[in-house]
Amino acid sequence: MRTRTLLASALAAVAALSLTACNADDGKPAADVSGAKSKPIVTLDSPMEKPDLELTDTHGKKYDLLEKTKGHPTLIYFGYTHCPDVCPLTMSNLAVAIGKLPKAEQKDLRVLFVTSDPERDTSAALKKWLAGINKDFIGLTGPFDRIQAGARSVNIGIEKPVKKKNGDVISTHGAQVLLSSPKDDKIHWIGMEEATPENYSQALPKTIKGQNP
C-alpha cells in the first residue's frame, strides 16, 4: 500500500507541473497536457499547504484564501474564462458531481476558480462566466505575478497570456484540481485532467470529510 501511494504521489507531482496551452480564439487547444498518466483522483503522500493568496472575488471584495477557506473542504483550479475546452469542461464536471452532494455539504464546500488571465478576467467577467456553471463557485482575480506565485507554491505552472500577431491569445496553465481536507486545511488530493463527473462523484463524499477516496 505504501509503495502504491508513493507511486501515485510521484505521478501527481509530474502531472501537476505539466501545462496545457489553450488558444482562446480558434476553439482548439494549442497543446495537450503532457506528463504521466495516473488515477483520475490521486492521493498525495505528502500533503501541500494551500496557496497563501489575497485576491479579489466576483463581488469586487478582498478574498483571503487561507482565511476564507479555513475549516472547509476546498477545491482550487487555476484557469481562465476564454479557455475553449479544458477549463469549462473541468468546472462543469465539478458542478455535476457537487450537485449530487447533500445540501449541507454543498454549502460547506468552497470551490475556487483562480484566473490565469487576470487582464481579461475581471470580477464581472468571472461572475458572469461562473453563473453559467454554478453560482456558488468563487471566482478570484488579481495581479498576475501574485497569482502565478500562488500557483507555483502548489506545483501548478501558469504562464502569462501571449497575444500572437494574428490576434490569437495563448494562455498556458496547469489543468489539475487541488482538493484540500477540512481536517488540516492541506491539499491531499489532485484531480487530473481526465477526471470525469463520475470520478468526482465517487471521490468527493470522502474527500470533503478528509478521507482518502
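For the numbers below, each heavy atom of this structure counts, side chains included, while hydrogens, waters and symmetry mates do not.
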With no hydrogens and no angle check, is any side-chain donor or acceptor of E194 less than 3.5 Å from a backbone partner on P40? no

Going by distance alone, is a donor N or O of one side chain under 3.5 Å from an acceptor N or O of the other, for T69 and K50? yes

Quick one: list whatever passes side-chain hydrogen bond (donor to acceptor under 3.5 Å, both in side chains) with N212, sequence neighbours left out. W189

Residues in side-chain hydrogen bond (donor to acceptor under 3.5 Å, both in side chains) with D64, at least two apart? none

Without hydrogens or angle criteria, can the side chains of D121 and T141 be said to hold a donor-acceptor pair below 3.5 Å? no

Once salt bridge (Lys or Arg N to Asp or Glu O under 4.0 Å) is applied, what residue pairs with a partner in residues 145-156 remain, sequence neighbours excluded? none

Taking side-chain hydrogen bond (donor to acceptor under 3.5 Å, both in side chains) as the definition, give me every residue that meets it alongside N199, ordered by chain and number, with sequence neighbours left out. T196

Please name all residues satisfying ring pair (Phe, Tyr, Trp, His ring centres under 6.0 Å) with Y200, sequence neighbours left out, ordered by chain then number. none

Side-chain (S153) to main-chain (G150) donor-acceptor, under 3.5 angstrom: yes

Parallel under 30°, tilted from 30 to 60°, perpendicular over 60°: which one fits the rings of F113 and W129? tilted

If a pair satisfies salt bridge (Lys or Arg N to Asp or Glu O under 4.0 Å) and one of its residues is in residues 96-112, list it, with sequence neighbours excluded. E105-K209

Backbone N/O of I158 and side chain of Q148: donor-acceptor pair under 3.5 Å: yes

Could you tell me if the side chain of Y63 sits less than 4.5 Å from the side chain of E54, heavy atoms only? no

